[in-house]
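Working notes, structure below.
The figures here come from the full heavy-atom set of this structure, side chains too, leaving out hydrogens, waters and symmetry mates. Worth saying up front: this structure is predicted, and the values here are computed from it rather than measured.
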Amino acid sequence: MKYFAWCISLLVGLMSLGQEMLWFRIVSFMFGGASYAFALVLFFFLLGITFGSNQGKSICTRYSNLLLVGGVVLILAGFIDILIPFIIQNINQPNSLSLCKGICCILIFVVAALKAILFPIVHHLGTNIANGKVGASVSKVYFFNIIGSTLGSLLIGGVLLDYISISSMFILIGIVCILLGGLMIIKKSAVSVSVFAVLGICCFCLVDKHTDYIFRDSLGKDSSISYYIENRYGVIHIADDNKNGLKNIVLGNRMYDGILNIDPDNDINDLNRLYLLAATHPNPKKVLVIGVSGGAWTRALSSFPTLETIDAIEINKGYLDIIKQYPVVSPILDDHRINIYIDDGRRWLKRNSDKKYDLIIMNTTYHWRSGITNLLSQEMMNILHNSLNPNGILAFNSTRSLDTLKTAQSVFKYAYWGTMGFIYASDSEINIDDNVAKNRLDKLVLDGKPLFNEASKQVKNGAYQKTLATKLLSLDEVEKLYNLGRDTEIITDSNMITEYKYGFLRNN
């Protein structure tokens, strides 16, 4: 009996903590990647464990056939697990996000509570009271639960989500719960264990590993999805906005991540912020791009005639699959100058601290999203500063956070606020001279043709005119313009102010 109890303890821990990872992905998607998503999931998960453990303790004092009760609980938990993707599918719409979040919190509590009921039960089943080894028996059951919990987080969150969708993981976990519950109820023997193991393997093979009921149709009726990828780093949609007529919008975990467009006459994703670097740096040869996303910025960057090397870092390999599908950006995969690395940007810089660049470009995501401090903090600015050549320029998206400009100014001698809050930082003063800028923009070449022809130069809202019209503002000028109502602060790895102090709740 003790070995069976150990196995149940391990598997329940694995499924429970594995589901916590799944819930975090779902709630994070709904919150657009805000840091509060993890705290919310953890709160209701721990609340469910507390409630379920108390109920399990009560069951152990009231029932003698704990295998039967435990089996019934697991079967009930399994059926709920299987239903979860279908429940979320029917409520996960842009106009009902509040309702969806509330229902998800209830479901997190319920599934955590049902599996926590098993914890006291397996302790009773696996504890040897007769020979006085109570402490040793309890510790072994607890040990296997910890092993299972650790494996659940690492195996499901770190490995399987690259190959199995979140919807399919819920269904597979539900099937395992039902089979394990059935095994607890019937008489255990080598034959029954073998039969249930075979059934489990069959279910794993038969269930579609990429079925998605949760995210695929979650953008509303005004949007149509042309491409979709889900992996352990999140969910990527390529969508068309049928209401406003925008095509090929890149969404990372439901948040805007760019547009697959490099048309200089229709500069809808403001690539003029990138072309300003061509107008201000005389001879960029080596460039680092942190965050490839859909590839439009890297593709536009390849038009700089003096470039010899572009190192592009992207943490989510799913974007490369997207780039392959769209001819507007796919040439970056065949450009001999462009080296794409799948890695975390900060980690890659630390491992390649000997490399120096003339330009470093980060079209970063919203300043309040989880993990963004990793790219915007003073510590990261120092790493970037050390990776620049003399007179090199760092350009990154502040997403209109004045604190990011203050942070850049604390490391670089000069830091400027450009179009839409795009920040340009350098140890050399950055000036925009119209004649010099026009001469350099005229030299941009893409696919053997000038990027800006005579007609493009005359388009009022085109990239050419918008680049020349850019005004670079100092921190003092921007503070007066925005009238923030507080002092700007320096972002550090320790304070994480854009994620928490001035984070999601202050921006929504």
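Remark: Asn272 CG to Leu274 CG distance equals 9.0 Å, nearest 0.5 Å.
Formation of a donor-acceptor pair under 3.5 Å by the Asn352 side chain with backbone atoms of Lys355 is not found in this model. Under the 3.5 Å distance criterion, the side-chain polar atoms of Glu20 are left unmatched by any main-chain donor or acceptor of Val41. Checked by atom type and distance alone, the side chain of Ser167 pairs as donor or acceptor with a backbone atom of Tyr213 at under 3.5 Å. No donor-acceptor distance shorter than 3.5 angstrom exists from the side chain of Asn391 to the backbone of Ser428, with no hydrogens or angles considered. A donor-acceptor distance shorter than 3.5 angstrom exists from the side chain of Asn253 to the backbone of Val235, with no hydrogens or angles considered. When atom types are taken as modelled, the side chain of Ser401 and the backbone of Ser398 share no donor-acceptor pair closer than 3.5 angstrom.
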Output a table of donor-acceptor pairs, distance under 3.5 Å, between side-chain atoms of residues 408-415 and any protein atom two or more places apart or on a different chain; print 'none' if there are none.
from	atom 1	to	atom 2	distance (Å)
Ser410	OG	Gln378	NE2	3.0
Ser410	OG	Thr407	O	2.6

Under 3.5 Å, which donor-acceptor pairs link side chains of residues 430-437 to any protein atom two or more places apart or in another chain?
from	atom 1	to	atom 2	distance (Å)
Asp433	OD1	Asn435	N	3.1
Asp433	OD1	Val436	N	3.0

Salt bridge (charged side-chain N to carboxylate O under 4.0 Å, His left out), that's the test. Do Asp493 and Arg346 meet it? Break it down for me. CA-CA 12 Å; Asp493 288 346; Arg346 186 161 170 171; 2.5 Å; yes
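Ring geometry, Tyr341 versus Trp348: the interplanar angle falls from 30° to 60°, so the pair is classed tilted. Classification of the Phe452-Tyr275 ring pair by plane angle, with boundaries at 30° and 60°, yields perpendicular.
Using a 4.5 Å cut-off on side-chain heavy atoms (C-beta onward), Tyr500 and Ser35 make contact. You'll find the side chain of Tyr228 stays beyond 4.5 Å of the side chain of Ile236, heavy atoms only. Between Leu359 and Phe304, the closest side-chain pair of non-hydrogen atoms falls below 4.5 Å. You'll find the side chain of Arg369 stays beyond 4.5 Å of the side chain of Glu499, heavy atoms only. A 4.5 Å side-chain heavy-atom check between Ile164 and Leu172 finds at least one atom pair inside the cut-off. At a threshold of 4.5 Å between non-hydrogen side-chain atoms, the residues Asp241 and Ile249 count as touching. Considering only heavy atoms from C-beta on, Leu251 stays 4.5 Å or farther from Arg254 through its side chain. Counting heavy atoms from C-beta outward, Leu375 and Met362 have side chains that approach closer than 4.5 Å.
Here Asp358 pairs with His281, Pro284, Lys285, Lys286, Asn389 under the side-chain contact (heavy atoms from CB on, under 4.5 Å) rule; sequence neighbours left out.
A salt bridge links Lys501 with Glu489; the closest basic N to acidic carboxylate O contact falls under 4.0 Å. A salt bridge between Arg299 and Asp447 is present, with a side-chain N of the basic residue lying under 4.0 Å from a carboxylate O of the acidic one. The pair Asp265-Lys460 fails the salt-bridge criterion, with no side-chain N (NZ, NE, NH1 or NH2) lying under 4.0 Å from an Asp/Glu carboxylate O. The pair Asp335-Arg337 counts as a salt bridge, with a side-chain nitrogen and a carboxylate oxygen less than 4.0 angstrom apart. The existence of a salt bridge linking Arg347 and Asp343 is confirmed by a sub-4.0 Å separation between a basic side-chain nitrogen and an acidic carboxylate oxygen. The pair Glu477-Lys480 fails the salt-bridge criterion, with no side-chain N (NZ, NE, NH1 or NH2) lying under 4.0 Å from an Asp/Glu carboxylate O.
With Tyr163 as the aromatic partner, Lys209 does not meet the cation-pi criteria of under 6.0 angstrom to the ring centre and within 45 degrees of the ring axis. Annotation: cation-pi pair Arg486/Tyr502 present, NZ/CZ under 6.0 Å from the ring centroid and within 45° of its normal.
When each of Phe396, Tyr482, Tyr424 is tested with Trp417 by the rule ring pair (Phe, Tyr, Trp, His ring centres under 6.0 Å), just one qualifies, namely Tyr482.
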